[in-house]
Engineer: 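I have a structure here, written as structure tokens, and I will follow up with some questions on it.
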Amino acid sequence: MRVLYAGYRAIDLWRAYCRGARQDSASAMSQSVESFASRAIRILGEVASDEATALGPFFARVLLENSCAALVGRLDPFRILYLSEFQGQPEYEHGKRARSGFSWFGDVMPAEERNSELWNLEQDVSKIGRALFSKHIDHVCWQPAVESMLDFVSAHGSDPLLRDILSLGAETYVKKTKGQSQQLYSTLSKGVHWEFFNSALLFDEATVKSAIRETCLLVAHLGLVSHFNLGVQSI
């Protein structure tokens, strides 16, 4: 729970750093994260009802998506600023899909990245990935953040509760986290969109609670790690 609180606090601190339009969008995401995290965690602490089991995947997926959106806002503020400004324009329509809207595949999960050199004189700027888990964001943001966090934790004792954090590796963190995130997103989406046509596959209480717990831990870890990125601490 200590790591969970620290992670949520790190995400919430982004709101405190923002001003103007950034503060509006940050506040909206912070309120959503807090609201849906509370709903999801409430299910963990109770004997789940049929309604809670049915709604749990939705609560957890919103928590996952909005937490990742908040982290995109910390690492790439222009993306969220653009969305906030665009949605305030008269041209914006609720009933029509905006091609530039926030998307899990594109803003969080990068488009397929070829195994080319990270730094290449021939690379077009439009092809430089800026998704949360892209190779370039990993290199300039996540890897330094993991290293800083490990240095900080190592210098402040060896609390057994922090063993999982100390086992993280800077170069493997995003690859591992990206896989966990995509697996969770896929699982939760099946509960949201109700893709089951075989009753044997329906989510039970244990499955829903496990997915909620994994989601909470994942976004908390992401929030915590992001707070050690020296490049965004003053944003």
Side-chain angles (χ1 to χ4, degrees), residues 3 6-7 10-11 13-14 17 22 25-26 29 33 61 63-84 98-154 164-189 214-215 217-235:
V3 173
I11 291 174
L13 278 172
W14 179 55
Y17 290 135
R22 291 181 63 194
S25 56
M29 284 186 289
V33 168
R61 202 183 100 160
L63 172 61
L64 176 62
E65 289 183 291
N66 284 13
S67 295
C68 287
L71 291 168
V72 168
R74 293 198 78 192
L75 303 182
D76 188 6
F78 173 77
R79 178 63 177 131
I80 301 303
L81 274 175
Y82 167 82
L83 291 171
S84 176
R99 294 180 63 181
S100 61
F102 190 89
S103 173
W104 178 261
F105 297 102
D107 285 300
V108 179
M109 293 293 162
E112 184 177 352
E113 297 176 304
R114 297 178 182 177
N115 293 322
S116 58
E117 295 179 5
L118 199 61
W119 313 111
N120 189 329
L121 289 173
E122 303 302 320
Q123 192 168 40
D124 294 333
V125 66
S126 63
K127 296 182 179 179
I128 297 175
R130 295 176 69 169
L132 187 64
F133 296 133
S134 69
K135 290 181 179 180
H136 286 89
I137 293 295
D138 175 28
H139 184 88
V140 302
C141 296
W142 291 115
Q143 290 187 32
V146 172
E147 291 173 355
S148 295
M149 182 185 68
L150 292 176
D151 290 342
F152 177 84
V153 173
S154 298
D164 288 345
I165 289 179
L166 289 171
S167 69
L168 298 177
E171 295 185 358
T172 60
Y173 178 72
V174 161
K175 182 179 180 180
K176 179 180 178 181
T177 305
K178 181 169 68 172
Q180 291 175 332
S181 299
Q182 184 52 39
Q183 184 177 29
L184 270 174
Y185 182 85
S186 179
T187 297
L188 297 171
S189 294
E214 290 181 25
T215 301
L217 288 173
L218 176 66
V219 301
H221 276 143
L222 282 168
L224 181 62
V225 173
S226 75
H227 201 53
F228 283 88
N229 188 312
L230 299 179
V232 300
Q233 282 187 355
S234 60
I235 293 176

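For reference, positions follow the sequence shown, starting with 1.
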Engineer: Taking all non-hydrogen atoms of both residues into account, name the closest pair between L71 and G223 and its distance.
Structural biologist: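 Nearest heavy atoms, L71 then G223: CD2-CA, 4.1 Å.
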Engineer: At their closest point, which heavy atom of G129 faces which heavy atom of S134, and how far apart are they?
Structural biologist: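 Scanning both residues completely, I find the closest heavy atoms to be O-OG, 3.0 Å.
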Engineer: Of all the heavy-atom pairs spanning S100 and L83, show the shortest one and how long it is.
Structural biologist: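 Here S100 and L83 meet closest at O-CD2, 3.4 Å.
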Engineer: Aromatic ring centroids of H136 and W119 under 6.0 Å?
Structural biologist: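 Ring centres of W119 and H136 closer than 6.0 Å.
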Engineer: Hey, does W104 have a side-chain heavy atom less than 4.5 Å from the side chain of S181?
Structural biologist: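 They are in contact (side-chain heavy atoms under 4.5 Å apart), so the answer is yes.
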Engineer: Residues two or more places apart in sequence or in another chain: which of them pass salt bridge (charged side-chain N to carboxylate O under 4.0 Å, His left out) with E214?
Structural biologist: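 So E214 forms no salt bridge (charged side-chain N to carboxylate O under 4.0 Å, His left out) with any residue.
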Engineer: Could you go step by step and tell me if K175 and D138 meet the side chain to side chain contact (heavy atoms under 4.5 Å, CB included) rule?
Structural biologist: CA-CA 9 Å; K175 182 179 180 180; D138 175 28; over 6 Å; no
Engineer: Could you check if a side-chain atom of I165 sits within less than 4.5 angstrom of a side-chain atom of H221, using non-hydrogen atoms only?
Structural biologist: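 Yes, at least one pair of side-chain atoms sits under 4.5 Å.
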Engineer: Taking the side chain as C-beta and beyond, is there a heavy-atom pair between M149 and L168 under 4.5 Å?
Structural biologist: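 Yes, their side chains come closer than 4.5 Å.
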Engineer: In Å and rounded to the nearest 0.5 Å, what is the CG to SG distance from L132 to C68?
Structural biologist: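 Separation between the atoms: 5.5 Å.
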Engineer: Specify the closest pair of heavy atoms between A170 and Q143, including all atoms of both residues, with the distance to one decimal.
Structural biologist: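 Where A170 meets Q143 most closely, the heavy atoms are O-CG, 3.2 Å.
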Engineer: Would you check, one step at a time, whether the test side chain to side chain contact (heavy atoms under 4.5 Å, CB included) holds for E147 with W142?
Structural biologist: CA-CA 9 Å; E147 291 173 355; W142 291 115; over 6 Å; no
Engineer: Quick one, P110 and R130 - any side-chain contact, counting heavy atoms below 4.5 Å?
Structural biologist: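 No, too far: nothing below the 4.5 Å cut-off.
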Engineer: Taking atom CG of L63 and atom CG of L218, what is their separation to the nearest 0.5 Å?
Structural biologist: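 Spacing of CG (L63) from CG (L218) equals 9.0 Å.
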Engineer: Could you give the distance from CG (D76) to CD1 (I137), rounded to the nearest 0.5 Å?
Structural biologist: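 Result: 6.0 Å between the selected atoms.
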Engineer: Using only atom types and a distance under 3.5 Å, with no angle test, would you say the side chain of N66 pairs donor to acceptor with the backbone of M29?
Structural biologist: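 The answer is no, because no donor-acceptor pair under 3.5 Å joins these two groups.
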Engineer: Between the main-chain N or O of L81 and the side-chain N or O of S84, is there a donor-acceptor pair closer than 3.5 Å?
Structural biologist: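 No; zero donor-acceptor contacts below 3.5 Å.
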Engineer: Grab the two heavy atoms, one from G73 and one from I80, that are nearest each other, plus how far apart they are.
Structural biologist: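 In terms of heavy atoms, the two residues are closest at CA-CG1, 3.4 Å.
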Engineer: What do the steps show when you test S154 against L166 for side chain to side chain contact (heavy atoms under 4.5 Å, CB included), and what is the final call?
Structural biologist: CA-CA 8 Å; S154 298; L166 289 171; 3.7 Å; yes
Engineer: To the nearest 0.5 Å, tell me how far L184 CG sits from T215 OG1.
Structural biologist: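 Here the interatomic distance stands at 4.5 Å.
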Engineer: Would you sort out whether Q182 and F133 count as a side chain to side chain contact (heavy atoms under 4.5 Å, CB included), showing the intermediate values?
Structural biologist: CA-CA 11 Å; Q182 184 52 39; F133 296 133; over 6 Å; no
Engineer: Test: salt bridge (Lys or Arg N to Asp or Glu O under 4.0 Å). Region: residues 99-111. Which pairs qualify, not counting sequence neighbours?
Structural biologist: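 Qualifying pairs, neighbours excluded: R79-D107.
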Engineer: Quick one: list whatever passes side chain to side chain contact (heavy atoms under 4.5 Å, CB included) with F152, sequence neighbours left out.
Structural biologist: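 By the side chain to side chain contact (heavy atoms under 4.5 Å, CB included) rule, F152 matches H156, F228.
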Engineer: Is M109 close to Y185 at the side-chain level, that is, under 4.5 Å between some pair of heavy atoms?
Structural biologist: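 Not in contact.
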